[in-house]
*Asks:* 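Let me give you the structure first, and then I'll get to my questions.
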Amino acid sequence: MVKRQAYQPILITDASRSQGDQLNSRQRRYVLMMGIRVACIIVGAILVGANAPLLWLWLPLCALGMVLIPWLAVLLANDRPPKEEHRLANRFHRRHTDDTPPMSLTAEERPHKVIDVEP
């Protein structure tokens, strides 16, 4: 039996993901990490209640998870992709200035106004 793979569209642009997609991805990652934190709390409570062997090892690991995971979750939830290079290029590179004077028009090329004077 041959398994069919899910349809993956071909990406033909270098455009970044939309802000809505980025936000949804960050929200899902945050909820997943907070779920892991809740699991650490529950496992720690079960280990204490069951008086598990090596409790001195497991409780600090659970506590470390309960402290570090929320911090990492907030950092990752607020993380956005870096701005594209061309957006910042003009701020850090000196602009090339042309030292030649602008071309001037001759008298014949200049537009002139026709003034109607009525007597």
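What you see is a predicted model, and the numbers here were worked out from it, not measured in a lab.
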*Asks:* Is there a chain of hydrophobic side chains (I, L, V, M, F, W, Y, each step under 4.5 Å between heavy atoms) that links I46 to I41?
*Replies:*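 As far as the 4.5 Å side-chain criterion goes, I41 and I46 are not connected within one cluster.
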
*Asks:* Measure the CG-CG distance between L68 and L75 for me, rounded to the nearest 0.5 Å.
*Replies:*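 If I round to the nearest 0.5 Å, the distance is 10.5 Å.
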
*Asks:* State yes or no: do V48 and V43 share one hydrophobic cluster built from I, L, V, M, F, W and Y residues joined by side-chain heavy-atom distances below 4.5 Å, directly or via other members?
*Replies:*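 Result: yes, single cluster for both.
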
*Asks:* When rounded to the nearest 0.5 angstrom, what is the spacing between CG in N78 and OH in Y30?
*Replies:*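 Here the interatomic distance stands at 9.5 Å.
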
*Asks:* If you take all heavy atoms of G65 and P70, which pair is closest and at what distance?
*Replies:*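 Looks like O-CD, 3.9 Å.
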
*Asks:* Drop me the distance from Q22's CD to D79's CG, to the nearest 0.5 angstrom.
*Replies:*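 Between atom CD of Q22 and atom CG of D79 there are 10.0 Å.
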
*Asks:* Roughly how far, to the nearest 0.5 Å, is CG of L54 from CG of L59?
*Replies:*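 Output value for this atom pair is 11.0 Å.
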
*Asks:* Could you tell me which non-hydrogen atom of R26 sits nearest to which non-hydrogen atom of A77, and how far apart they are?
*Replies:*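 Closest pair (atom of R26, atom of A77, distance): NE-O, 2.7 Å.
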
*Asks:* Once rounded to the nearest 0.5 Å, what's the spacing between atom CZ of R37 and atom CG of L72?
*Replies:*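 Going from the CZ atom of R37 to the CG atom of L72 covers 12.0 Å.
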
*Asks:* Does the side chain of N24 come within less than 4.5 Å of Q27's, by heavy atoms?
*Replies:*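 Q27 vs N24: side chains touch.
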
*Asks:* Check L57 against P60 and note the closest heavy-atom contact, atom names and distance.
*Replies:*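 Looking at all heavy atoms of both residues, the closest pair is O-CD, 3.4 Å.
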
*Asks:* Say you draw a straight line from SG of C62 to CG of L47; how long is it, rounded to the nearest 0.5 Å?
*Replies:*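 Here the rounded value is 5.5 Å.
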
*Asks:* Could you tell me which non-hydrogen atom of M66 sits nearest to which non-hydrogen atom of C40, and how far apart they are?
*Replies:*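 Looking at all heavy atoms of both residues, the shortest contact is CG-CB, 3.9 Å.
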
